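A short worksheet on the structure shown next.
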Amino acid sequence: MYKSIIRPILFRMNPEKAHDLVLKGLRIMRRIPGAGAVMRMLYKKKPAPQLARRVFGIDFPHPVGLAAGLDKNATCYNELSWCGFSFIEVGSFTPEAQPGNPAPRLFRLPADQALINRMGLGNEGVDKAVERIGKDRPEVLLAGSIAKNTGSESEEEIRRDYLRCFSTLYDFVDFLTVNVSCPNVEGLQRLQGAGYLPALVDPLLEMRMGCDTYKPLLIKVSPDIEKEELDGLIHYCRLSGVDGLIVGNTTRSREGLKTPAETLEKIGKGGLSGAPLFEKNLALVRYIHEKTQGGLPIIGVGGINTPQRAQRMLDAGASLIEIYTGFIYEGPAFVHKILKYLNATAEGGKKQ
Ligand SMILES: Cc1cc2nc3c(=O)[nH]c(=O)nc-3n(C[C@H](O)[C@H](O)[C@H](O)COP(=O)(O)O)c2cc1C
């Protein structure tokens with residue numbers, strides 16, 4: 001029903017408006033008695049126990065989560081959990097609310113099953129997010145993504161921004177992710193470099209040492225990262241106590257797309273997500289997994305639009321996976337479809 005009726009209607013609308021409408025619709029459904037139960041019955045099936053796993057000290061019922069950027073303001077994580085996600089990454093949050101880039105800033109590339117976005121980390125700020133999470137207790141494991149405000153440029157301002165988001169969010173989520181890889185904020189990706197990262201992440205790790213509870217901290221990397229920079233980042237993570245990597249964010253590359261060059265030119269700058277990203281991020285996951293001999297847990301994300309791709313991402317060394325664009329194209333039954341396939345594959349493996 002999603003692909004034949006709902007998606008064609010949504011895809012006729014402006015992408016950002018369609019996104020907002022869906023989240024609003026989910027929130028309205030929450031207020032209708034029984035609607036949540038019906039959604040859960042349809043989409044949130046009990047996962048097979050063999051899909052459960054413990055990663056960086058957290059017990060996940062299965063490996064499939066929702067990537068950052070869909071529930072940017074933490075307004076809908078419980079409603080989205082009806083679709084069966086094992087965990088949901090909310091944010092990215094900045095200390096102060098910010099509008100992001102001017103619209104239009106989100107574009108569909110149906111021929112490629114992809115999106116291009118230059119949202120620019122628009123969000124209502126971390127304080128508003130924790131206020132919401134505090135009021136609406138998460139019924140799903142929650143990760144919180146943190147970033148800096150666009151106007152924060154000096155090393156001191158940037159450090160302060162991440163620390164403020166980290167300390168504000170710490171008690172409200174199960175693990176935290178440091179976004180230093182969004183391609184739509186000028187200069188953000190340079191923070192991935194081993195020259196910058198310690199100044200940014202060390203204070204977060206120090207703050208954590210003073211906390212009563214231990215919350216894992218992950219860093220999200222860009223698929224466009226240079227190999228030397230990546231090696232430096234891996235080295236730092238292994239020495240410092242960073243718990244894992246999210247691999248990865250959207251790419252600036254437009255290689256191998258079916259969408260005509262004139263259309264791409266009209267769209268302009270932005271991060272590409274969805275199917276064309278898959279092989280690139282898969283290779284990055286495999287490289288990091290091999291380089292660390294599995295010693296650094298990885299959440300694999302980018303272009304997972306079929307259950308087979310989910311399996312390949314896990315086979316390449318990801319402990320968990322996340323989806324975003326695949327969810328937009330495939331709809332609310334997608335998590336269940338992936339889990340059914342993963343389970344069948346695991347069963348097949350056991351029989352052999
Ligand atoms: C519209 C949009 C907004 C996004 N916003 C964020 C964000 O705020 N923080 C972040 O870490 N990643 C963000 N992402 C990146 C996704 O979390 C994910 O890494 C990327 O889309 C690749 O996965 P996919 O191919 O399954 O979409 C965003 C992606 C999209 C499409």
Side-chain angles (χ1 to χ4, degrees), residues 14-20 22-23 64-74 80 85 87-94 98 100-101 103-109 112-126 129 143-150 162 165 176-185 188-189 191-192 218-225 245-253 267 270-282 284-285 298-306 309-310 313 318 320-330 334-335 338:
N14 166 292
E16 207 177 331
K17 291 222 167 84
H19 177 269
D20 293 344
V22 168
L23 294 197
V64 187
L66 178 66
L70 203 147
D71 191 6
K72 268 188 182 303
N73 288 306
L80 285 162
F85 294 105
F87 62 102
I88 290 181
E89 190 178 344
V90 289
S92 302
F93 307 115
T94 53
Q98 60 178 27
N101 290 321
R105 51 192 185 174
L106 179 59
F107 308 86
R108 295 186 196 100
L109 274 51
D112 290 295
Q113 297 229 350
L115 297 170
I116 288 178
N117 91 83
R118 52 169 172 274
M119 302 298 287
L121 301 183
N123 74 107
E124 293 171 6
V126 71
S145 170
I146 61 171
K148 72 170 189 76
N149 277 118
T150 308
Y162 279 93
C165 287
L176 294 106
T177 67
V178 178
N179 180 3
V180 280
S181 48
C182 173
N184 303 310
V185 176
L188 193 82
Q189 293 185 342
L191 304 176
Q192 294 176 116
L218 282 76
I219 294 175
K220 185 164 180 178
V221 300
S222 162
D224 303 330
I225 192 168
L245 293 177
I246 304 198
V247 185
N249 218 312
T250 56
T251 177
R252 285 201 172 106
S253 165
I267 290 173
L272 174 77
S273 62
L277 189 58
F278 180 71
E279 294 297 340
K280 195 170 183 169
N281 287 18
L282 181 78
L284 202 55
V285 167
I298 300 168
I299 300 183
V301 49
I304 298 172
N305 65 341
T306 62
R309 284 186 162 190
M313 194 59 103
L320 302 165
I321 57 172
E322 286 181 343
I323 53 175
Y324 186 141
T325 308
F327 181 58
I328 306 289
Y329 278 88
E330 296 300 311
F334 189 40
V335 176
I338 293 176

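Treat the numbers as computed from the prediction; the structure is a model and nothing was measured. Both counts, for ligands and for their atoms, begin at 1 and track the order of listing.
- For ligand 1, the atoms lying closer than 4.0 Å to a non-hydrogen atom of N179 are 9 (N), 10 (C), 11 (O).
- In terms of protein heavy-atom proximity, atom 4 (C) of ligand 1 is closest to G69 CA, 3.7 Å.
- Per-residue contacts place T325 under 4.0 angstrom from the following atoms of ligand 1 (heavy atoms of the residue considered): 24 (P), 25 (O), 26 (O), 27 (O).
- Using modelled atom types, one finds a donor on one side chain and an acceptor on the other under 3.5 Å when comparing T94 with N123.
- For the pair A68 and ligand 1, the shortest N or O to N or O distance falls below 3.5 Å.
- Annotation: atom 20 (C) of ligand 1 to nearest protein heavy atom, T250 CG2, 3.8 Å.
- Counting heavy atoms under 4.0 Å from ligand 1, residue K72 touches it through the side chain alone.
- Distances from ligand 1 to the non-hydrogen atoms of A275 include no value under 4.0 Å.
- Counting heavy atoms from C-beta on, the side chains of L277 and P223 come closer than 4.5 Å.
- When non-hydrogen atoms are compared, ligand 1 lies under 4.0 Å from neither the backbone nor the side chain of N123.
- Of all protein heavy atoms, the one closest to atom 21 (O) of ligand 1 is S273 CB, 3.3 Å.
- Taking NZ of K220 as the start and CD of Q192 as the end, the distance is 11.0 Å to the nearest 0.5 Å.
- In this model, no donor atom of one side chain and acceptor atom of the other lie less than 3.5 Å apart for N249 and S222.
- R105 CZ to R118 CZ: the interatomic distance, rounded to the nearest 0.5 Å, is 10.0 Å.
- In this structure, the protein non-hydrogen atom closest to atom 9 (N) of ligand 1 is S92 OG, 2.7 Å.
- By the 4.5 Å heavy-atom criterion applied to side chains, I338 and R309 are not counted as neighbours.
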Verdict with reasoning, Y324 to V301, per side chain to side chain contact (heavy atoms under 4.5 Å, CB included): CA-CA 8 Å; Y324 186 141; V301 49; 5.8 Å; no
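- Residue contacts with ligand 1, taken as heavy atom pairs separated by less than 4.0 Å, involve N117 solely via side-chain atoms from C-beta onward.
- Atom CE of M313 sits about 5.0 Å away from atom CZ of F278, to the nearest 0.5 Å.
- Among the atoms of L106, none of the N or O lies under 3.5 angstrom from an N or O of ligand 1.
- Of the listed options I304, V301, I246, V301 places a heavy atom closest to atom 23 (O) of ligand 1.
- The closest heavy-atom contact to atom 15 (C) of ligand 1, among the options V180, N249, I299, N184, comes from N249.
- Considering backbone and side-chain N/O of Y324, one or more are found under 3.5 Å from N/O of ligand 1.
- The closest heavy-atom contact to atom 18 (C) of ligand 1, among the options K220, E16, R118, E322, comes from K220.
- Near A67, meaning under 4.0 Å from one of its heavy atoms, ligand 1 places the atoms 17 (O).
- In this structure, G302 counts as a contact residue of ligand 1, since one of its heavy atoms falls inside 4.0 Å of the ligand.
- One side chain, E89 or T177, offers a donor N or O that lies under 3.5 Å from an acceptor on the other.
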Is there a side chain to side chain contact (heavy atoms under 4.5 Å, CB included) between T250 and L115 once you walk through the steps? CA-CA 9 Å; T250 56; L115 297 170; over 6 Å; no
Just do the side chain to side chain contact (heavy atoms under 4.5 Å, CB included) check on Y329 and N305 with the steps written out, would you? CA-CA 8 Å; Y329 278 88; N305 65 341; over 6 Å; no
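- Within ligand 1, counting atoms from 1 as listed, the ones closer than 4.0 Å to a heavy atom of G303 are 24 (P), 25 (O), 26 (O).
- For the 3.5 Å distance criterion, the side chains of K280 and T251 qualify, holding a donor opposite an acceptor.
- Put simply, the side chain of I116 reaches to within 4.5 Å of the side chain of L272, judged on heavy atoms.
- Atom numbering of ligand 1 starts at 1 in the shown order; those under 4.0 Å from a heavy atom of L277 are 22 (C).
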Criterion side chain to side chain contact (heavy atoms under 4.5 Å, CB included) on N281 and I304, from CA distance to verdict: CA-CA 10 Å; N281 287 18; I304 298 172; over 6 Å; no
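- In terms of N/O distances under 3.5 Å, ligand 1 is not approached by L121.
- Polar contact check, L115 against ligand 1: no nitrogen or oxygen pair lies under 3.5 Å apart.
- In terms of N/O distances under 3.5 Å, ligand 1 is not approached by E89.
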